[in-house]
Student: 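I have a structure I would like to understand better, so I am pasting it below and will then ask my questions one at a time.
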Amino acid sequence: MNRQHRHSILVVANWAHPGWLDRSQPARSERACADASLELLRRYPQLAEAATSQLPWFGALLARPAFARLMRLCAVLACAHSLRLVVTAAARASLSLATGMPSLTALQCHPRGEHADLRLDVPIDCFNRHALTAAGLALALRATAGAAQRQWLQLRLPREYAQAAARWRLPEIAPQTALELIGDALDLLHARRPSC
């Protein structure tokens with residue numbers, strides 16, 4: 001195996017959450033990463049259909065915690081109109097903890113709040129971190145074309161999120177709508193302060 005190909009193989013293990021390999025810690029050495037990557041490619045051969053340089057555009061440059069936060073933001077923005085009803089200080093603090101956002105203000109000021117919430121499979125509990133992450137991942141999967149890219153997305157987070165997201169069908173949300181939602185969430189993720 002040439003060195004360039006070997007390094008591209010390592011991306012698979014580095015990208016995937018260690019839980020997909022039944023590990024509590026990520027592979028540390030180059031050899032362990034290569035072995036883990038090959039194991040993932042054997043389990044999920046569709047990963048090889050997309051080059052490792054073609055990771056999902058909206059998550060490729062994000063560390064795993066930021067990617068998880070992006071997924072939560074997607075879910076919260078899908079319900080931005082309902083968020084305007086969250087007014088008590090305790091509720092605002094609880095919601096900010098769940099989303100990983102320092103302030104609820106940016107979410108409540110977002111233009112998506114001026115329109116009705118998106119019609120999801122089931123109502124999202126915006127105070128539940130797991131539910132938000134799984135719902136956001138479901139929206140991201142809806143926005144992603146191709147089985148290989150979808151598998152890359154699922155591998156980024158713990159397996160239980162992918163399993164929960166796979167149960168969502170989102171029949172009333174067009175892929176383009178989900179893609180726009182991800183764009184808005186990315187903007188919010190990188191925003192320095194809200195613009196009301």
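Only heavy atoms go into these numbers, but all of them, side chains included; no hydrogens, no water, no symmetry mates. As the structure is a prediction and not an experimental result, all values here were calculated from the model.
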Student: Would you say that D125 contacts L132 through its side chain, given a criterion of any heavy-atom pair below 4.5 Å between the two side chains?
Tutor: no
Student: Roughly how far, to the nearest 0.5 Å, is CZ of R169 from CZ of R142?
Tutor: 10.5 Å
Student: Quick check for you: to the nearest 0.5 Å, what is the distance between T144 atom OG1 and L153 atom CG?
Tutor: 4.5 Å
Student: Determine whether R112 and H81 make a side-chain contact, defined as any pair of heavy atoms from C-beta on separated by less than 4.5 Å.
Tutor: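 A side-chain contact under 4.5 Å is absent here.
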Student: Check whether any side-chain heavy atom of H17 lies under 4.5 Å from a side-chain heavy atom of L157, and answer yes or no.
Tutor: no
Student: Evaluate the side-chain proximity of L141 to W168: yes if any heavy-atom separation is below 4.5 Å, no if none is.
Tutor: no
Student: Do side-chain atoms of Q46 reach the backbone of Q151 as a donor and acceptor pair under 3.5 angstrom?
Tutor: no
Student: Please report the closest heavy-atom contact between C33 and N14, naming both atoms and the distance.
Tutor: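 Between these two residues, the closest heavy atoms are SG-OD1, 3.4 Å.
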Student: To the nearest 0.5 Å, what is the distance between CG (L186) and CG (L61)?
Tutor: 10.0 Å
Student: So, is the end of the R156 side chain (NZ or CZ) under 6.0 Å from the ring centre of W15 and within 45° of the ring's axis?
Tutor: yes
Student: As an exercise, state the distance from NE2 of H110 to CG of L107, rounded to the nearest 0.5 Å.
Tutor: 8.5 Å
Student: Provide the closest heavy-atom pair for I124 versus C79 in the form atom of the first, atom of the second, distance.
Tutor: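 In this case the closest contact between I124 and C79 is CD1-SG, 4.0 Å.
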Student: Which distance, rounded to the nearest 0.5 Å, do you find between the CG of L73 and the CG of D184?
Tutor: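 So the CG of L73 and the CG of D184 are separated by 10.5 Å.
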Student: Is the shortest side-chain heavy-atom distance between I182 and L139 below 4.5 Å?
Tutor: no
Student: Before you tell me yes or no, could you show the steps for E160 and H130 under side-chain contact (heavy atoms from CB on, under 4.5 Å), namely the whole-Å CA-CA distance, both residues' side-chain angles and the distance that decides it to 0.1 Å?
Tutor: CA-CA 9 Å; E160 59 266 23; H130 184 279; 3.8 Å; yes
Student: Is there side-chain contact between R92 and Q108, with at least one heavy-atom pair below 4.5 Å?
Tutor: yes
Student: Between T133 and M71, which heavy-atom pair has the shortest distance, and what is it?
Tutor: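 The answer is O-CB, 3.8 Å.
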Student: Which distance, rounded to the nearest 0.5 Å, do you find between the CG of L38 and the CZ of R43?
Tutor: 12.5 Å
